[in-house]
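Worksheet: the structure to be examined is printed underneath.
Every value quoted in this text rests on a predicted model; they were computed, and no experiment measured them.
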Amino acid sequence: MLVGEQPGDQEEKQGRPFVGPAGGILAKALVDAGIERKAVFVTNAVKHFKFEPRGKRRLHKRPNAYEIDRCHWWLDFERKLVRPDIVVALGATAIRSVSGRPLPINKICGRVLPISDGGQMVATIHPSYILRIEDEADKQTQYRQFVADLKICAKILAKAA
């Protein structure tokens, strides 16, 4: 199970998670990690698109703790239905929602951590972070680390199969 932050503009319009630019990065990274996208359940921690209107554009606004906590029951329900072998928390919002508390992403990125329902979580960056990096060398470094984090999940999935 992959858990993102919230729907973006394109995701809200199409009614599916990760179909916008961040979804393109995620799809490529999954291929590079050896994970079939159709083999994973993709969702978001917060179920609505929080934005700020700017002319004709709708600019992303980060969900606050209240919004994350209010949507937590929904993610718990999805996890009970899907019963994933591993939950990948993509970014700080997803980490807070999956773990039930804020955790420093820079200290737990790429680690397999236990979660309250007895499952496991791997924390990593959100693919939209990669899109925002301007320095090409840093962008490639972060992308490689993202793929490495997903490969950890691929190993867990291979053992579970």
Side-chain angles (χ1 to χ4, degrees), residues 1-8 11 16-47 60-65 67-69 71-72 74-161:
M1 175 181 274
L2 299 172
V3 181
E5 180 185 78
Q6 69 176 337
E11 288 81 5
R16 295 184 339 213
F18 287 98
V19 295
I25 297 284
L26 178 61
K28 181 179 182 323
L30 287 171
V31 168
D32 291 346
I35 300 171
E36 290 186 51
R37 182 166 174 160
K38 64 183 176 186
V40 296
F41 182 82
V42 185
T43 190
N44 284 302
V46 175
K47 305 303 183 187
H60 168 273
K61 287 186 74 172
R62 175 180 245 169
N64 61 38
E67 292 161 329
I68 296 166
D69 293 345
C71 290
H72 184 76
W74 198 334
L75 182 61
D76 282 348
F77 183 70
E78 289 173 325
R79 285 177 35 209
K80 285 177 185 167
L81 285 175
V82 174
R83 297 182 11 237
D85 293 309
I86 186 80
V87 177
V88 181
L90 302 167
T93 297
I95 291 168
R96 179 188 173 103
S97 184
V98 172
S99 71
R101 63 188 192 280
L103 296 169
I105 191 168
N106 60 334
K107 293 185 180 179
I108 64 169
C109 198
R111 292 182 35 208
V112 179
L113 302 170
I115 49 181
S116 63
D117 64 0
Q120 303 178 94
M121 171 184 82
V122 169
T124 190
I125 60 173
H126 193 284
S128 66
Y129 171 71
I130 296 168
L131 289 171
R132 294 189 304 269
I133 299 172
E134 292 183 18
D135 179 74
E136 194 57 38
D138 188 29
K139 184 179 281 203
Q140 292 304 315
T141 299
Q142 291 297 322
Y143 178 79
R144 283 191 300 274
Q145 183 59 54
F146 182 51
V147 171
D149 293 345
L150 293 175
K151 283 182 178 180
I152 293 167
C153 301
K155 288 178 186 175
I156 292 169
L157 293 173
K159 287 180 186 177

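Val40 places none of its side-chain heavy atoms less than 4.5 Å from the side chain of Val88. Side-chain contact between Asp32 and Tyr143 is present, with at least one heavy-atom pair separated by less than 4.5 Å. Phe146 places a side-chain heavy atom less than 4.5 Å from the side chain of Pro127. By the 4.5 Å heavy-atom criterion applied to side chains, Lys139 and Ile130 are counted as neighbours. The closest side-chain heavy-atom distance from Arg101 to Leu103 is below 4.5 Å. For the pair Phe18/Ile25, no side-chain contact is recorded, criterion being any heavy-atom separation below 4.5 Å from C-beta on.
In terms of modelled atom types and a separation under 3.5 Å, the side chain of Glu67 and the main chain of Asn64 share a donor-acceptor contact. In this structure a side-chain-to-backbone donor-acceptor pair under 3.5 Å is missing from His126 to Leu90. Not one N or O on the side chain of Glu11 forms a donor-acceptor pair closer than 3.5 Å with the backbone of Gln6.
Counting only residues at least two apart or on different chains, the salt bridge (charged side-chain N to carboxylate O under 4.0 Å, His left out) pairs with a member in residues 108-137 are Arg79-Asp117.
Across all their heavy atoms, Ala92 and Ile105 have their closest contact at N-CD1, 4.4 Å. Summarising the geometry of Ala22 relative to Ser128, their closest heavy-atom pair is CB-N, 3.9 Å, with the distance given to 0.1 Å.
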- Query: Please walk me through it: do Leu30 and Leu2 pass side chain to side chain contact (heavy atoms under 4.5 Å, CB included)?
  - Reply: CA-CA 11 Å; Leu30 287 171; Leu2 299 172; 4.0 Å; yes
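Contacts of Lys47 classified as side chain to side chain donor-acceptor pair (under 3.5 Å), with partners at least two apart in sequence or in another chain: Thr43, Glu78.
Separating the CD1 atom in Ile95 from the CD1 atom in Ile115 is a distance of 12.0 Å, to the nearest 0.5 Å. Rounded to the nearest 0.5 Å, atoms CD1 (Ile68) and CD (Glu5) are 7.5 Å apart.
Atom CZ of Arg16 has 12 or fewer heavy atoms from other residues, nucleotides or ligands within 6.0 Å.
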